[in-house]
Amino acid sequence: MLLALPLVCGSLGEAEGRAQPADGARLYSQRCGGCHSLDANRVGPRHRGLIGRRAGSVPDFRYSAALARAEFAWSRVRLDRWLRDPRAMVPGTTMGVRLSDPTERRAIIDYLASED
């Protein structure tokens, strides 16, 4: 009976859509890494220190006019909304990549928060 308990608990976690800690880094690399990096600007701005930073404020990155005018700081809630549909959140932004899976979004946001 004791051997079955960990298997049952593991299955419950998966059923609830919980990502494992390593999932965030892997998903960030897969979904974001083509354009972004933690420490270097690429097609998109660097992400280290993102949570709490004013949108459109990395000094050496050229943002769309829409994002440069944005008057909010990134939070977990705003990042979730952004990753779900950036163009709905900030019309005129050049970012068009959307992540429809809430578990993936949460894992990526958790990863970014851990790398601040």
Can you check whether [X] reaches [Y] side chain to side chain, under 4.5 Å on heavy atoms?
X      : Y      : value
Leu112 : Asp110 : no
Ile108 : Cys32  : yes
Arg98  : Leu83  : no
Ser100 : Arg84  : no
Tyr63  : Thr94  : no
Arg87  : Trp82  : no

Of all heavy-atom pairs between [X] and [Y], which one has the smallest distance, and what is that distance?
X      : Y     : answer
Asp116 : Gly49 : OD1-N, 2.9 Å
Arg53  : Arg46 : NH2-O, 2.9 Å
Ala66  : Gly92 : CB-C, 3.6 Å
Phe61  : Arg42 : CE1-O, 3.5 Å
Ala73  : Gly52 : CB-O, 3.8 Å
Ser64  : Thr93 : OG-CA, 3.6 Å

Handout entry: Donor-acceptor contact present, side-chain Ser57 to main-chain Arg54, <3.5 Å
Key =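 Yes, because the side chain of Ser57 sits within donor-acceptor range (under 3.5 Å) of the backbone of Arg54.
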Could you give the distance from [atom1] ([X]) to [atom2] ([Y]), rounded to the nearest 0.5 Å?
X      : Y      : atom1 : atom2 : result
Asp85  : Met95  : CG    : CE    : 10.0 Å
His47  : Leu38  : NE2   : CG    : 8.5 Å
Ile109 : Arg78  : CD1   : CZ    : 12.5 Å
Ile51  : Glu115 : CD1   : CD    : 11.5 Å

Handout entry: Modelled atom types, side-chain donor and acceptor of His36 and Tyr28, under 3.5 Å
Key = no
Handout entry: Note: Asp80-Arg105 ion pair, threshold 4.0 Å (strictly below)
Key =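 Answer for the salt bridge query: yes.
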Exercise for the section: Evaluate side-chain contact (heavy atoms from CB on, under 4.5 Å) for Arg31 paired with Val97, printing each intermediate quantity in order. Expected result: CA-CA 9 Å; Arg31 306 285 192 265; Val97 175; over 6 Å; no
